[in-house]
Amino acid sequence: MKFLKILLLLLSTQTLFAEKVEITSTSMEAEEEKKEVHFIGDAKVHKGKDWLHAERVIVYFGENNDTEMYEAIGAVTFEFKKEDKHFKGSADRVKYHIVKSQYELIGNAVIDDLANKSHVDGDKIKLDMTTGNVKVVGDKKKPVKFIFEMEDKE
């Protein structure tokens with residue numbers, strides 16, 4: 001119960017360096033020993049202009065009850081914006097590593113880079129929101145695909 005109170009305080013408090021994160025779902029289960037909170041059913045995460053929707057979202061906490069990572073599972077769709085970066089896409093599973101500001105998309109991963117007008121898909125995509133770097137992994141059955149617009153100069 002102590003963990004749940006701390007969790008609710010963390011989720012409802014905005015610090016000087018972090019944006020407020022709001023998570024909604026049809027149900028929630030806190031696992032104190034594992035330091036996890038499961039948001040189950042129509043889970044939605046909103047942070048500033050970023051949003052993510054999934055069937056389930058799991059928030060993982062560290063030793064000092066600081067948020068380390070969250071993971072979205074099942075029919076994940078999202079839109080992420082940071083300065084001049086703007087990404088929209090989907091995947092079977094998305095992990096967000098908070099300290100690194102990195103997303104890991106797993107299974108049927110698709111990202112549309114709306115700022116640079118490009119599209120990439122593969123089995124696994126790593127997106128670094130700090131640098132804008134993208135790393136894509138595919139396989140023989142489903143190779144990496146990259147599509148971009150090119151203007152002819154005449």
Just jot down the salt bridge (Lys or Arg N to Asp or Glu O under 4.0 Å) partners of D92, sequence neighbours excluded, or say none. none
Start with the C-alpha gap between V45 and E22, add the side-chain angles, then the distance that decides, and say whether side chain to side chain contact (heavy atoms under 4.5 Å, CB included) holds. CA-CA 6 Å; V45 179; E22 179 180 305; over 6 Å; no
Apart from [X] itself, which Ile, Leu, Val, Met, Phe, Trp or Tyr residues share its cluster (side-chain heavy atoms under 4.5 Å, direct or through members)?
{"X": "L114", "answer": "none"}
{"X": "I40", "answer": "none"}
{"X": "I106", "answer": "none"}

Co-membership, hydrophobic cluster, residues [X] and [Y], 4.5 Å side-chain:
{"X": "Y60", "Y": "Y70", "value": "no"}
{"X": "F61", "Y": "I73", "value": "no"}
{"X": "F39", "Y": "I58", "value": "no"}
{"X": "V134", "Y": "V110", "value": "no"}
{"X": "V76", "Y": "M69", "value": "no"}

Partners meeting side-chain contact (heavy atoms from CB on, under 4.5 Å) with [X] (sequence neighbours left out):
{"X": "M129", "answer": "F80, K82, F87, S101, Y103, L127"}
{"X": "Q102", "answer": "K100, D128"}
{"X": "T26", "answer": "D42"}

Is the shortest side-chain heavy-atom distance between [X] and [Y] below 4.5 Å?
{"X": "D121", "Y": "H119", "result": "yes"}
{"X": "Y96", "Y": "L52", "result": "no"}
{"X": "K20", "Y": "K47", "result": "no"}

In terms of heavy-atom contacts, does NZ of K126 have more than 12 from other residues, nucleotides or ligands at under 6.0 Å? no
If you take all heavy atoms of A54 and A72, which pair is closest and at what distance? CB-CB, 3.7 Å
In terms of heavy-atom contacts, L105 and S90 come closest through CD2-O, 4.0 Å
Interatomic distance, [X] atom [atom1] to [Y] atom [atom2] [nearest 0.5 angstrom]:
{"X": "T131", "Y": "K85", "atom1": "OG1", "atom2": "NZ", "value": "7.0 Å"}
{"X": "I125", "Y": "K135", "atom1": "CD1", "atom2": "NZ", "value": "12.5 Å"}
{"X": "T67", "Y": "I98", "atom1": "OG1", "atom2": "CD1", "value": "5.0 Å"}
{"X": "E31", "Y": "E33", "atom1": "CD", "atom2": "CD", "value": "9.0 Å"}

Sorted by first residue and then second, give each salt bridge (charged side-chain N to carboxylate O under 4.0 Å, His left out) pair with at least one member in residues 52-65; sequence neighbours left out. none
Summary of salt bridge (charged side-chain N to carboxylate O under 4.0 Å, His left out) pairs that have at least one residue in residues 102-115, sequence neighbours excluded: E104-K124
Using side-chain hydrogen bond (donor to acceptor under 3.5 Å, both in side chains) as the criterion, list what pairs up with [X], not counting sequence neighbours.
{"X": "T130", "result": "none"}
{"X": "D84", "result": "none"}
{"X": "E79", "result": "W51, H86"}

Which is it for H46 and H53 under the side chain to side chain contact (heavy atoms under 4.5 Å, CB included) test, yes or no, and what are the steps along the way? CA-CA 9 Å; H46 291 272; H53 297 174; 4.0 Å; yes
